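Labels below follow one simple rule: chain letters A, B, ... track the order of the sequence lines, proteins then strands, and each chain is numbered from 1. It should be emphasised that the depicted structure is a prediction, and the values quoted were computed from it without experimental measurement. FYI, side chains are in, hydrogens and waters are out, and symmetry mates aren't considered; it's all heavy atoms of this structure.
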4 protein chains.
Amino acid sequence: MFIRVDSSNGVPVYEQIVRQVKFAIADGVVAAGDLLPSVRELARELAINPNTVARAYRDLQSQEIVELASGIGLSVRSGAKRECQTQRRRLLQMRIGNVLEEAFQSGLDAASVRRLVDAELARLDKQFVGNSSDE
Amino acid sequence: MFIRVDSSNGVPVYEQIVRQVKFAIADGVVAAGDLLPSVRELARELAINPNTVARAYRDLQSQEIVELASGIGLSVRSGAKRECQTQRRRLLQMRIGNVLEEAFQSGLDAASVRRLVDAELARLDKQFVGNSSDE
Amino acid sequence: MFIRVDSSNGVPVYEQIVRQVKFAIADGVVAAGDLLPSVRELARELAINPNTVARAYRDLQSQEIVELASGIGLSVRSGAKRECQTQRRRLLQMRIGNVLEEAFQSGLDAASVRRLVDAELARLDKQFVGNSSDE
Amino acid sequence: MFIRVDSSNGVPVYEQIVRQVKFAIADGVVAAGDLLPSVRELARELAINPNTVARAYRDLQSQEIVELASGIGLSVRSGAKRECQTQRRRLLQMRIGNVLEEAFQSGLDAASVRRLVDAELARLDKQFVGNSSDE
DNA sequence: GTGGTCTAGACCACC
DNA sequence: GTGGTCTAGACCACG
């Protein structure tokens, strides 16, 4: 299973699902034409309310990432990979920008902000060696 | 006035007030022993309901940043500056860490993440020249 | 229902609720993982405004006694029982200490104070037979 | 000066003054006919608002503990000592009773309550050796 | 259904 | 004047 949710995360569960499905598509873990796991199945595996999964899937449909294959399930649309990659980049850029802006606005000077960023980057670099990206 | 709120921000107004009071204390804009602006005064200036300000101030009390001087107002406690600086550092470290971690987990490699960060840092550096910080 | 409030008590209603929830947890009446009665339900049963219950519950959250299970309710955290027992002991010790100290400081000698205490203890012993405590 | 107030005490300052004046009278530190310190003088010595002292003195007048000696000040009435002793006993009995009752109601059993009381009594016994009482 | 936020306004205690 | 408590009710997000 390519999805993991953390209910004590602040981020709504349905949104975590939406994001991770998109990330999986962006990375090619799930390809165009593939079916998403059924609402019931995913709900059981994540031990969450099926309504939550349903809501996530509804969002993915309305964003035209997946489409309903009647009687079969939800399948990834053909242009989805490229779209998900673009969205991923935009999303991360916005979030990074927001956080850094928040740091500046809180009264810290540029040097302090950069120190914080570098420390975190160093910490994470070690954790995620060997990540591959096709962007 | 050292507080500005943005009601269309997603972040609850009372929480924005809590943060900004803490930041003001961390930066020395408000010193130990100083009184916060009165509930009614701040509510009037921000054009919000006094209860919203009161809730923010109650949070500051329960976090022992500020104490009730009965019939006088709320005064900044003696250890508050150091505490607020610590909290600010921790808060930003956590938020930056979370965002960067999300970037790595989304499948991007280290180089891509660093590129995003550097671009945003460059953009914001220009915007916030002249920030001063005690830390 | 394990909560009873007395609005003509001087002690704020929301604080009575906070205390009694903690006492119930300390006594094991409510266990870790259990949900508190919903805000609306408790408000209805106590015939008070839901906001008053909500404020009590918010305090319990910020004291980390209870945590939000989004869309479900508030559940008692795992370490809460031990914490509530400790707090109960400290609270009572402080209150008893304060009152006895006040008695001494008011000029009474030790014998007079002890006489007062013994009389009250005897009176209450009869009233509260069969209390059980984990401590 | 026979009065000390603690503004971070929960107990209103004016009430602390009322109590301590009464205790001083009960103990004979201030006798019938003696004048209380003037409002301005006491306010200066305690570093509090004169209105607060004035309110305390007003209460003492309305309770007929002191009386206005026009142009002179407030003097302790003749029957005050006996009255203050009676009130002191009643007040302490009530407060002790309330606290012990609260302990029982919080779910503790009689043994636990008695243990708390004995511990505090032992602690205070050492602190207040040589208290004398004429009750 | 759940809790959270915000507004509006009454009333109280303290200084 | 100060903050604190409580009520009442609208609106939103989440499951």
inquiry  = If you apply the rule side chain to side chain contact (heavy atoms under 4.5 Å, CB included), what do you find for C/F23 with C/R88, and how did you get there?
reply    = CA-CA 7 Å; C/F23 289 158; C/R88 174 172 67 179; 3.7 Å; yes
inquiry  = To the closest 0.5 Å, what do you measure between CG (B/N51) and OH (B/Y14)?
reply    = 14.0 Å
task = Could you tell me whether the side chains of D/E83 and D/Q87 share a donor-acceptor contact shorter than 3.5 Å?
result = yes
task = With sequence neighbours excluded, give me every salt bridge (charged side-chain N to carboxylate O under 4.0 Å, His left out) pair touching residues 7-16 of chain D.
result = D/E15-D/R19
request  = Name every residue in residues 57-67 of chain C that has at least one heavy atom under 4.0 Å from any atom of DNA chain F, in order of residue number, or write none if there are no such residues.
outcome  = none
task = List in chain and number order the residues that pass side-chain contact (heavy atoms from CB on, under 4.5 Å) with C/S70, two or more places apart in sequence or in another chain; answer none if no residue qualifies.
result = none
message = Let's see if you get this right: which residues in residues 30-45 of chain B place a heavy atom under 4.0 Å from DNA chain F?
response = B/S38, B/V39, B/R40
task = Identify all stems in which DNA chain E takes part, counting only runs of at least 3 consecutive pairs (Watson-Crick or G-U wobble, each distance under 3.5 Å), and give each as one range with another, ordered by first number.
result = E:1-14 with F:1-14
Contacts of B/E41 that satisfy side-chain contact (heavy atoms from CB on, under 4.5 Å) - sequence neighbours left out = B/P37, B/S38, B/R44, B/E45
Non-neighbouring partners of C/V99 that pass side-chain contact (heavy atoms from CB on, under 4.5 Å), sequence neighbours left out = D/R95, D/I96, D/V99
key: Rounded interatomic separation in angstrom, taking CD1 from B/I48 and C1' from E/dA8   = 14 Å
ask   = Among all residues two or more places apart in sequence or in another chain, which pass the side-chain hydrogen bond (donor to acceptor under 3.5 Å, both in side chains) test with A/S62?
value = none
inquiry  = Using every non-hydrogen atom in the two residues, find where A/P50 and A/V39 come nearest and quote the distance to one decimal.
reply    = O-CG1, 3.5 Å
ask   = Taking CG from B/D6 and C1' from E/dC6, how many angstroms apart are they, rounded to a whole number?
value = 15 Å
query = Nearest-Å distance, CD1 (A/I17) to C1' (F/dC14)?
reply = 12 Å
ask   = Okay, side chain of C/D59, backbone of C/A56: is any donor-acceptor separation there less than 3.5 Å?
value = no
Tabulate atom names and distances for all N/O pairs under 3.5 angstrom spanning the protein and nucleotides 13-15 of chain E.
{"from": "E/dC14", "atom 1": "OP2", "to": "D/Y14", "atom 2": "OH", "distance (Å)": "3.0"}

remark   = Walking DNA chain F from its 5' end, the first of C/P50 and B/A54 to be reached, judged by nearest nucleotide, is B/A54
request  = Whole angstrom is fine here: how far is it from CD in A/Q16 over to C1' in F/dC14?
outcome  = 13 Å
inquiry  = In this structure, how many angstroms lie between the C1' atom of E/dG1 and the CG atom of C/L74, rounded?
reply    = 14 Å
message = By the salt bridge (charged side-chain N to carboxylate O under 4.0 Å, His left out) test, which pairs, at least two apart or in different chains, include something from residues 64-75 of chain D?
response = D/E67-D/R77
note = Hits for side-chain hydrogen bond (donor to acceptor under 3.5 Å, both in side chains) against B/Q63, two or more places apart or cross-chain, chain-then-number order -> B/K22
inquiry  = Just to verify, what does A/L46 make a side-chain contact (heavy atoms from CB on, under 4.5 Å) with, not counting sequence neighbours?
reply    = A/I3, A/V5, A/I17, A/L42, A/I48
